[in-house]
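Here the structure is laid out as structure tokens; the discussion comes afterwards.
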Amino acid sequence: MEGMRLLSAAAEAIGGTTKKNEKVRILAEYLRARTVAEAAASAVFLSGRAFPAWEETTLQAGAALLWQVMKDITGKSDAALTAVYRKHGDLGTAAYDALGTVAPAESGLTVTDVARAFRDIAAVRGPAAKTTLIRELFLKATALEAKYLVKIMTGELRIGLKESLVEEAIALAYHVPSSEVQRADMLLGDIGETLQLAAAHRLNQARMRLFHPLGFMLASPVESAAEAFEYFHDAAVEDKYDGIRAQAHIGMLQAPGEKLPSRQVRLFSRTRDNITESFPELVAPLLDFPEDLILDGEIVAWRHGRALPFSELQKRLGRKTVTEKMMRQVPVCYVAFDVLYAGGELALDLPLRERHAMLDRIFAGASHQHRERIRDLQGKLEFEPAIEQDDHQHLAAVRAPVLHADSPDHLDQLFDAAQGRGNEGLMIKDFNSVYAPGRRGKSWLKLKRELATLDVVVTSVEWGHGKRAGVLSDYTFAVRDGERLVNVGKAYSGLTDKEIAEMTQWFLEHTIVDHGFWREVDPAIVLEVAFNAVMQSGRHDSGFALRFPRILRLRPDKSPADIDTIERVREIFERQKIAYPNAV
Ligand code: AMP
């Protein structure tokens with residue numbers, strides 16, 4: 001059997017068991033039986049990705065496009081395909097069902113063929129050219145292979161296989177310690193390359209590479225200052241800036257089309273996208289640092305020493321070219337709060353206390369030609385007068401002030417002060433913790449304004465009423481339940497008219513099924529919602545419904561993989577039963 005056939009069969013077996021050990025065993029056996037090249041490409045696919053994590057490449061071929069291709073190949077009508085889709089609620093499985101006897105029973109596709117086809121699809125521009133290539137690929141595939149092609153292409157594998165299990169399977173397949181596999185994968189951001197090193201027993205050669213973004217360390221929410229103190233006592237406290245998380249890489253790089261490497265800066269978002277072009281004025285100040293660095297921080301919009309609302313900053317996102325006027329209207333600043341790599345040394349394994357000391361040294365040593373000065377006045381970032389005059393040339397990189405709190409009362413005071421400065425709340429970090437890329441643990445805690453907010457993904461939309469009759473303004477949204485998305489609420493848009501108009505356009509282009517007055521859409525738009533309480537309810541498939549949900553804002557900086565889970569909803573529900581027994 002050819003490679004893609006074997007991969008699909010293995011994926012079926014993995015999805016067919018709920019036991020983690022069994023999943024790992026099946027995958028290890030599959031990997032071991034393949035050539036290293038086929039196994040490496042498979043490892044990427046079975047982590048639910050078309051391309052390695054660090055790469056910027058994307059297919060730019062969503063569910064709507066795949067739907068079109070399936071229609072073409074099967075000759076089925078929208079209504080017929082919709083019926084199949086509704087039976088399964090999963091596009092991959094629907095493809096399998098719909099293709100049935102239409103697809104060839106045998107195929108010669110190897111996993112590396114598919115990897116090559118994905119590169120070609122990513123490289124061509126425009127839906128027409130992409131559709132042609134995708135159709136060619138699907139015409140070669142068996143129904144079962146098509147099922148997994150769709151799942152990989154939409155990033156919704158849904159076989160209960162997290163990247164950490166793929167790492168374990170690699171360890172088992174090639175008889176290497178799983179801690180080494182995990183570390184190599186974290187450093188390289190490429191599970192395929194990690195597999196190749198594991199197979200050659202050369203995992204110790206994995207080196208961090210500048211300009212390959214690492215995973216971001218994430219924070220767990222806490223509801224009160226008292227709860228924060230349950231986890232650790234030696235707490236570093238920072239303002240929670242309401243901006244865009246960004247990893248700054250500074251060092252030598254041979255840019256495409258250039259003969260020689262030169263010192264460069266790249267800013268990567270949480271989704272590991274390169275967002276440098278949206279913030280050109282941050283490049284020069286970051287280049288001022290004489291050493292090679294990876295910094296972790298937040299891009300904030302700043303004026304008169306205060307953070308501007310996130311909606312201001314959002315105007316800068318997603319723009320390829322940023323005009324001088326934009327830069328003046330929404331001045332930005334990079335607030336660094338961590339260091340992951342400096343002067344050839346990884347800093348990840350050092351405790352936060354030492355990383356902070358490194359940051360102090362880095363900022364003290366920078367040849368600050370922009371002459372910003374940071375003074376820590378009760379945690380307030382104070383800039384030179386030049387910055388107060390909104391001269392964007394003078395905005396730069398600054399170091400987030402670090403405060404200490406030794407009691408919940410003290411923390412409450414700091415929280416009020418942070419909100420007084422226009423910031424969202426506090427980040428509370430364990431001084432003794434290492435930097436854990438891509439993990440959400442209890443070493444970093446976030447204390448925010450709302451009782452709680454949830455990050456959710458829009459699953460369906462409805463035409464509005466009255467003055468909103470012409471726009472898709474009512475959104476139903478979901479959280480994650482393992483591999484599934486389960487709806488938890490519906491809200492009328494709290495967005496601006498302009499945002500609603502843009503969203504309407506997006507939803508029209510990314511409709512999976514059109515039911516007339518409502519549409520199922522690509523689950524890709526992440527929202528942050530606030531609410532008054534969580535109720536038990538049969539209205540949604542999650543068994544919960546949010547009371548008075550309000551859309552706070554769009555979160556284009558987050559991907560559907562980052563949204564909250566049903567466990568978190570349950571946690572809030574349980575906690576509020578104690579705090580507000582009459583509320584539910
Ligand atoms: P949330 O996006 O609500 O999950 O909160 C976590 C986010 O807060 C991080 O991903 C950062 O973008 C942001 N943040 C703001 N200030 C800080 C800080 N001082 N330390 C860490 N993260 C921060």
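If you read the sequence from its start, that first residue is 1, and numbering goes on from there. Whatever order the structure lists ligands and atoms in, that order sets their numbers, starting from 1.
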| task | Looking only at protein heavy atoms, identify the closest one to atom 12 (O) of ligand 1 and say how far it is in Å. | result | Glu298 OE1, 2.5 Å
| Are any of the N/O atoms in Asp239 less than 3.5 Å from those in ligand 1? | yes
| Quick one: is the NZ or CZ of Lys429 closer than 6.0 Å to the six-membered ring centre of Phe337, and within 45° of its axis? | yes
| message | Please check whether Arg440 reaches ligand 1 - meaning an N/O of the residue sits under 3.5 Å from an N/O of the ligand, judged on distance alone. | response | no
| query | In terms of the angle between their ring planes, are Phe229 and His233 parallel, tilted or perpendicular, with boundaries placed at 30° and 60°? | reply | tilted
| Using a heavy-atom cut-off of under 4.0 Å, does the side chain or the backbone of Tyr241 touch ligand 1, or both, or neither? | both
| query | Just heavy atoms, cut-off under 4.0 Å: does Met427 contact ligand 1 by side chain, backbone, both, or neither? | reply | side chain
| said: Is it the case that atom NZ in Lys442 sees more than 12 heavy atoms from other parts of the structure closer than 6.0 Å? | reply: yes
| Are Asp296 and Tyr435 linked by a side-chain donor-acceptor pair shorter than 3.5 Å? | yes
| said: Nearest non-hydrogen contact with atom 8 (O) of ligand 1 belongs to which option: Lys429, Lys240, Glu238, Arg270? | reply: Lys240
| task | Could you tell me whether Lys446 approaches ligand 1 through its side chain, its backbone, both or neither, with non-hydrogen atoms closer than 4.0 Å? | result | side chain
| Glu55/Arg272 salt bridge by N-O under 4.0 Å criterion | no
| query | Strictly by modelled atom types, are Thr459 and Asn487 linked by a side-chain donor-acceptor pair under 3.5 Å? | reply | yes
| said: Below the 3.5 angstrom mark, is there an N/O of Lys448, backbone or side chain, next to an N/O of ligand 1? | reply: yes
| request: Return yes when Lys558 approaches ligand 1 closer than 4.0 angstrom through a heavy atom, no otherwise. | output: yes
| said: Salt bridge or not between Arg555 and Glu528? Use side-chain N to carboxylate O under 4.0 Å. | reply: yes
| task | Have a look at ligand 1 and work out which part of Glu528, if any, has a heavy atom under 4.0 Å from it: side chain, backbone, both or neither. | result | neither
| query | Is it true that Lys446 and Glu238 make a salt bridge, defined as a side-chain N closer than 4.0 Å to a carboxylate O? | reply | no
| query | Under a 4.0 Å heavy-atom limit, does Met217 contact ligand 1 with its side chain, its backbone, both, or neither? | reply | neither
| What protein heavy atom sits nearest atom 10 (O) of ligand 1, and how far off is it? | Arg245 NH1, 2.9 Å
